[in-house]
Amino acid sequence: LFYRMFELIVISEADRRCSDIALRNIVSNVDFISATFVISLEIVLNSYGSSDRKFPWILNALGLHSFMVGKVIETIIMHDTGLSRTIIKHLNTIEETMLETMVWAKDSPLFDCVQM
């Protein structure tokens, strides 16, 4: 699932006539790759009804911050047209939760972006 999502996004960006440098930046961006992996794993966990591994478990397990994942959710929903309505609702719920509370935590990378 991760590789399929990653491939869909890269192909779509290449079709949009992104420069080679921009495409290389996307492909080599560790935050983007990690966030795509988190969303892929969250889809699998939700699809199989894992009750003990609810979001934000995956963020804590991988040591990621929600800000990075939130930036990728819409991209994945936009590019992966094969996602079920249930999965899209689940991802939107995660995004809302992150925007309401998690992104505003003291250690959020959001504040680094704002200060620049």
Side-chain angles (χ1 to χ4, degrees):
L1 182 61
F2 163 76
Y3 289 112
R4 185 175 72 85
M5 287 184 175
F6 191 76
E7 181 181 39
L8 286 171
I9 293 168
V10 170
I11 290 171
S12 175
E13 292 300 316
D15 289 346
R16 286 184 37 206
R17 303 185 200 281
C18 273
S19 69
D20 289 342
I21 294 170
L23 201 52
R24 264 187 244 126
N25 288 340
I26 291 170
V27 172
S28 63
N29 187 315
V30 175
D31 291 333
F32 172 73
I33 293 168
S34 298
T36 304
F37 178 75
V38 164
I39 294 168
S40 301
L41 187 54
E42 185 62 34
I43 289 171
V44 171
L45 291 172
N46 183 266
S47 296
Y48 286 97
S50 176
S51 60
D52 59 334
R53 304 276 194 250
K54 295 287 184 188
F55 189 83
W57 171 84
I58 187 65
L59 295 178
N60 299 329
L62 297 177
L64 295 174
H65 200 281
S66 60
F67 178 69
M68 299 302 173
V69 176
K71 295 188 325 184
V72 178
I73 288 178
E74 280 301 317
T75 304
I76 287 179
I77 290 172
M78 180 176 65
H79 287 92
D80 193 345
T81 56
L83 293 175
S84 71
R85 185 173 173 91
T86 306
I87 295 298
I88 291 172
K89 280 184 173 181
H90 177 66
L91 293 177
N92 285 333
T93 302
I94 288 173
E95 186 177 31
E96 288 171 12
T97 301
M98 288 187 302
L99 289 174
E100 289 172 358
T101 58
M102 301 173 79
V103 172
W104 305 105
K106 288 182 180 180
D107 63 339
S108 176
L110 170 68
F111 298 113
D112 294 335
C113 292
V114 172
Q115 289 177 358
M116 291 179 162

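In terms of the side-chain hydrogen bond (donor to acceptor under 3.5 Å, both in side chains) criterion, Arg24 has no residue partners (sequence neighbours excluded). Remark: His90 pairs with Glu42, Asn46 by the side-chain hydrogen bond (donor to acceptor under 3.5 Å, both in side chains) rule, at least two apart or across chains. Under the rule for a side-chain contact (heavy atoms from CB on, under 4.5 Å), the partners of Ser84 that lie at least two apart in sequence or sit in another chain are Thr86, Ile87.
Remark: side-chain polar atoms of Ser12 are not paired, donor with acceptor, to backbone N or O of Leu8 under 3.5 angstrom. Without hydrogens or angle criteria, Asn92 side chain to Ile88 main chain gives a donor-acceptor distance under 3.5 Å.
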Checking side chain to side chain contact (heavy atoms under 4.5 Å, CB included) for the pair Val69/Ile94: CA distance, chi angles, key distance, verdict? CA-CA 10 Å; Val69 176; Ile94 288 173; 5.5 Å; no
Begin with the C-alpha distance, continue with both residues' side-chain angles, and end with the deciding distance and a verdict on side chain to side chain contact (heavy atoms under 4.5 Å, CB included) for Val72 and Asp31. CA-CA 10 Å; Val72 178; Asp31 291 333; over 6 Å; no
Start with the C-alpha gap between Met5 and Leu83, add the side-chain angles, then the distance that decides, and say whether side chain to side chain contact (heavy atoms under 4.5 Å, CB included) holds. CA-CA 10 Å; Met5 287 184 175; Leu83 293 175; 4.2 Å; yes
Starting from the C-alpha separation in whole Å, work towards a yes-or-no answer on side chain to side chain contact (heavy atoms under 4.5 Å, CB included) for Trp57 and Leu45. CA-CA 11 Å; Trp57 171 84; Leu45 291 172; 4.0 Å; yes
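Placement of Val38 and Val30 in two distinct hydrophobic clusters is found when ILVMFWY residues are connected by side-chain heavy-atom separations under 4.5 Å, directly or transitively. Under the 4.5 Å side-chain contact rule for hydrophobic residues, Leu62 and Phe32 share a cluster. When hydrophobic clusters are built by joining Ile, Leu, Val, Met, Phe, Trp and Tyr residues whose side-chain heavy atoms come closer than 4.5 Å, directly or via intermediates, Leu59 is grouped together with Leu1.
Rounded to the nearest 0.5 Å, atoms CD1 (Ile73) and CD1 (Ile39) are 4.5 Å apart. Here Phe6 contributes atom CZ and Asp80 contributes atom CG; the two are 14.5 Å apart, rounded to the nearest 0.5 Å. Residue Ile11 holds its CD1 atom at 10.5 Å from NE2 of His79, rounded to the nearest 0.5 Å. Distance check: Ile58 CD1 to Phe37 CZ gives 6.0 Å after rounding to the nearest 0.5 Å. A distance of 4.5 Å separates CD1 of Ile9 from CD1 of Ile76, quoted to the nearest 0.5 Å.
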